[in-house]
**Student:** 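This is the structure I want to talk about, given as structure tokens.
For the single chain, residues carry numbers from 1 onward in sequence order.
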Amino acid sequence: MRILFKAFALMASLAATTVSWPAAAQQVPVRIGVIPVIGAAPVFVANGEGWLKEAGLAPAFTTFESGPNMIQALASGTIDVYVAGIAPLAVARTKGIDVRVVAATAIEEMVFVAAPKLAPYFAGAPSKAEAFKQFKAKEGRPARLATQPPGSVPNTTLQHWLWQVAKADKADVEIVAMGIDATQQALLAGAVDGASIREPALTIVQGRNPKIALIATGAEMFPDQPGTVVAVYGKFADANPAAVEGLVLALVRATDLLKSDPAKAAGPVEAALGKGITDVATIQKALSSPAAKFVTDPRTIIEATKAMQAYQVSIGTLDKEAPTDGLFDTKPFDKVKKP
């Protein structure tokens with residue numbers, strides 16, 4: 001009798017852990033576009049732990065080099081879910097593309113690092129603007145700084161830091177747009193003098209060359225900087241509301257694991273990002289980096305997104321600010337997180 005009671009108790013316990021998953025009659029195919037950065041870790045963990053499948057989703061991943069490139073795929077119907085920076089989504093909505101942010105994944109991801117030739121100037125100069133000025137005077141050219149294309153979060157945060165925070169003279173720097181992998185390679189090869197990068201690139205480049213210096217954190221570059229988000233194409237969201245709720249719930253679970261047990265979370269993230277380039281130990285270190293701040297509630301980044309949009313308008317990468325009421329859809333998060 002006692003054994004039978006324990007069996008019923010176990011069944012009840014299992015039921016309690018699965019009842020919150022939205023009902024799914026069959027696996028819903030979902031095409032996910034993703035930028036290969038630590039900020040996207042929640043979706044990698046959710047997939048690696050089997051939580052996307054458990055939520056009734058059959059994911060297929062495609063990797064992109066930047067958010068603006070991914071927007072083209074979203075507009076053409078090639079992907080259903082966008083996992084990248086918030087900035088290109090504002091541009092997309094002004095062009096009539098129905099895309100909705102249903103979850104955040106990370107904030108203050110972007111940092112600025114200086115290559116060995118530029119780094120010493122920051123150590124001795126009275127200000128960061130003066131460091132760039134002294135570099136140009138000594139080297140006879142402006143500092144070449146790598147980042148992603150205009151309209152992306154990396155590009156926007158770099159410009160904000162240069163012109164609004166550091167107050168650098170535009171004649172003292174040259175911004176060079178390139179992909180994520182190319183940025184990392186150029187930095188290590190000394191082909192650029194600095195770059196705005198995210199994890200795991202920060203941990204990787206400093207591990208390979210300790211003379212590459214962290215000059216500005218994400219909070220310094222753009223306070224409460226909205227980072228990677230999860231957005232869903234409107235047509236997919238309307239047709240599959242339970243799937244979207246399942247996706248958000250899986251992300252909530254993944255974020256909890258990233259915060260509570262980064263060692264366990266590192267495995268799925270390394271499987272997605274490593275590709276023979278790095279190892280689990282490096283990924284685990286990146287997950288614990290000051291540049292890895294994981295969140296899920298989309299409300300966390302609404303005000304910062306408004307500020308970023310306003311700045312994009314001021315530098316000409318966004319025609320006008322998009323209403324955040326249309327950009328953010330908090331209903332799936334509220335539903336899975338209700339008491």
**Student:** Can V153 be reached from L74 by stepping across I, L, V, M, F, W or Y side chains whose heavy atoms are under 4.5 Å apart?
**Tutor:** yes

**Student:** Are the side chain of R93 and the backbone N or O of G326 linked by a donor-acceptor pair below 3.5 Å?
**Tutor:** yes

**Student:** Is the backbone of A243 close enough, under 3.5 Å, to the side chain of N240 for a donor and an acceptor to pair up by distance?
**Tutor:** no

**Student:** Consider only side-chain heavy atoms of I, L, V, M, F, W and Y, link residues closer than 4.5 Å, and tell whether F222 and L145 are in one cluster.
**Tutor:** no

**Student:** Determine, step by step, whether E54 and L52 satisfy the side chain to side chain contact (heavy atoms under 4.5 Å, CB included) criterion, reporting the C-alpha distance in whole Å, the side-chain angles of both residues, the deciding distance to 0.1 Å, and the verdict.
**Tutor:** CA-CA 5 Å; E54 190 175 342; L52 294 181; over 6 Å; no

**Student:** Near D238 CG, under 6.0 Å, is it more than 12 heavy atoms from other residues, nucleotides or ligands?
**Tutor:** yes

**Student:** To the nearest 0.5 Å, what is the distance between CG (L249) and CZ (F333)?
**Tutor:** 10.5 Å

**Student:** What pair of heavy atoms forms the shortest contact from I180 to R198, and how long is it?
**Tutor:** CD1-NH2, 3.6 Å

**Student:** Verify, without hydrogens or angle tests, whether E245 (side chain) and V336 (backbone) share a donor-acceptor contact under 3.5 angstrom.
**Tutor:** no

**Student:** Looking at V43, V30, V83, which hits side-chain contact (heavy atoms from CB on, under 4.5 Å) with F61?
**Tutor:** V43

**Student:** So, does K211 use its side chain to make a donor-acceptor pair with the main chain of A115 at under 3.5 Å?
**Tutor:** no

**Student:** Using side-chain heavy atoms (C-beta onward) and a distance below 4.5 Å, is R253 in contact with E49?
**Tutor:** no

**Student:** Side-chain contact, heavy-atom cut-off 4.5 Å: Y82 with L89?
**Tutor:** yes

**Student:** Write down the atom of P59, the atom of N47, and the distance for their closest heavy-atom approach.
**Tutor:** CG-OD1, 3.3 Å

**Student:** Do T296 and T255 meet the criterion of a side-chain donor-acceptor pair at a distance under 3.5 Å?
**Tutor:** yes

**Student:** Give the C-alpha distance, both sets of side-chain angles, the deciding distance and a yes or no for side chain to side chain contact (heavy atoms under 4.5 Å, CB included) between V230 and V81.
**Tutor:** CA-CA 7 Å; V230 176; V81 175; 3.7 Å; yes

**Student:** Enter the distance from M178:CE to L187:CG here, rounded to the nearest 0.5 Å.
**Tutor:** 10.0 Å

**Student:** Heavy-atom count around K259 NZ within 6.0 Å, excluding the residue itself: above 12?
**Tutor:** yes

**Student:** Rounded to the nearest 0.5 Å, how far apart are CG of N209 and CD1 of I204?
**Tutor:** 14.0 Å

**Student:** Judged by modelled atom types alone, do N155 and Q159 share a side-chain donor-acceptor pair under 3.5 Å?
**Tutor:** yes

**Student:** Could you see if L251 belongs to whatever hydrophobic cluster contains F44? Use Ile, Leu, Val, Met, Phe, Trp, Tyr and a side-chain cutoff under 4.5 Å.
**Tutor:** yes

**Student:** Let me see the working for E199 and S289 under side-chain hydrogen bond (donor to acceptor under 3.5 Å, both in side chains), right down to the final yes or no.
**Tutor:** CA-CA 8 Å; E199 291 289 6; S289 161; 2.7 Å; yes

**Student:** Report the relative orientation of the aromatic rings in F122 and F112; use parallel for angles under 30°, tilted for 30 to 60°, perpendicular for over 60°.
**Tutor:** perpendicular

**Student:** Is there a side chain to side chain contact (heavy atoms under 4.5 Å, CB included) between T228 and I35? Walk through the geometry before answering.
**Tutor:** CA-CA 9 Å; T228 302; I35 300 290; over 6 Å; no

**Student:** Out of curiosity, Q309 CD to T305 OG1, how far, rounded to the nearest 0.5 Å?
**Tutor:** 7.0 Å

**Student:** Between H160 (side chain) and V165 (backbone), is there a donor-acceptor pair under 3.5 Å?
**Tutor:** no

**Student:** Quick check for you: to the nearest 0.5 Å, what is the distance between I32 atom CD1 and M70 atom CE?
**Tutor:** 10.5 Å

**Student:** Which heavy atom in P42 sits nearest to a heavy atom in T105, and how many Å separate them?
**Tutor:** CG-CB, 3.9 Å

**Student:** Classify the angle between the aromatic ring planes of F135 and Y121 as parallel (below 30°), tilted (30 to 60°) or perpendicular (above 60°).
**Tutor:** perpendicular

**Student:** Does the pair K95/D319 count as a salt bridge with the N-to-O cut at 4.0 Å?
**Tutor:** no

**Student:** Say whether, by atom type as modelled, one donor and one acceptor occur between the side chain of S76 and the main chain of A73 under 3.5 angstrom.
**Tutor:** yes

**Student:** Do V99 and V232 come close enough that some side-chain heavy atom pair is under 4.5 Å?
**Tutor:** no

**Student:** Decide whether V252 and V34 are clustered together by the hydrophobic rule: side chain heavy atoms of Ile, Leu, Val, Met, Phe, Trp, Tyr closer than 4.5 Å, transitively.
**Tutor:** yes

**Student:** Please say which of K128, K138, K133, K167 ends up in a salt bridge (charged side-chain N to carboxylate O under 4.0 Å, His left out) with D172.
**Tutor:** K133

**Student:** Does Q225 reach the main-chain N or O of E109 with its side chain, forming a donor-acceptor pair under 3.5 Å?
**Tutor:** yes

**Student:** Is there a path of hydrophobic side-chain contacts, each under 4.5 Å between heavy atoms of I, L, V, M, F, W or Y residues, that connects L257 with V269?
**Tutor:** yes

**Student:** T183 side chain to A146 main-chain N or O, any donor-acceptor pair under 3.5 Å?
**Tutor:** no

**Student:** Which heavy atom of A87 sits nearest a heavy atom of M308, and at what distance?
**Tutor:** CB-SD, 4.1 Å

**Student:** Is the closest side-chain heavy-atom distance between E303 and D224 below 4.5 Å?
**Tutor:** no

**Student:** Are L318 and Y311 close enough, and set up right, to give a side chain to side chain contact (heavy atoms under 4.5 Å, CB included), and what steps lead you there?
**Tutor:** CA-CA 9 Å; L318 185 64; Y311 184 66; over 6 Å; no

**Student:** Does E108 use its side chain to pair, donor to acceptor, with the backbone of G227 at less than 3.5 Å?
**Tutor:** no

**Student:** I want to check something: taking the side chain as every heavy atom from C-beta on, are D193 and R141 in contact at a cut-off of under 4.5 Å?
**Tutor:** yes

**Student:** Any idea which heavy atoms bring P150 and A177 closest together, and the distance?
**Tutor:** CD-CB, 4.3 Å

**Student:** Cut-off 3.5 Å, side chains only: do R31 and T78 have a donor facing an acceptor?
**Tutor:** no

**Student:** Going through the distances and angles, do T282 and T203 end up as a side-chain hydrogen bond (donor to acceptor under 3.5 Å, both in side chains)?
**Tutor:** CA-CA 7 Å; T282 300; T203 297; over 6 Å; no

**Student:** Would you give the length of the straight line joining atom CE of M110 to atom CE of M221, rounded to the nearest 0.5 angstrom?
**Tutor:** 6.5 Å

**Student:** Any carboxylate oxygen within less than 4.0 angstrom of a Lys/Arg side-chain nitrogen, looking at D80 and K235?
**Tutor:** no

**Student:** Side chains of L287 and F294: does their closest heavy-atom pair fall under 4.5 Å?
**Tutor:** yes

**Student:** Under 4.5 Å between any side-chain heavy atoms of V102 and V229, yes or no?
**Tutor:** no

**Student:** Give a yes or no answer on whether the side chain of Q312 reaches the backbone of T156 with a donor-acceptor pair at less than 3.5 Å.
**Tutor:** no

**Student:** For T300 and D297, which I'm curious about, is there any donor-acceptor pair between the side chains at under 3.5 Å?
**Tutor:** no

**Student:** Can R299 and D334 be said to form a salt bridge (Lys or Arg N to Asp or Glu O under 4.0 Å), step by step?
**Tutor:** CA-CA 10 Å; R299 290 185 183 83; D334 291 341; 2.7 Å; yes

**Student:** Identify the heavy atoms of P36 and P200 that sit nearest to each other, and give their distance.
**Tutor:** O-CD, 4.4 Å

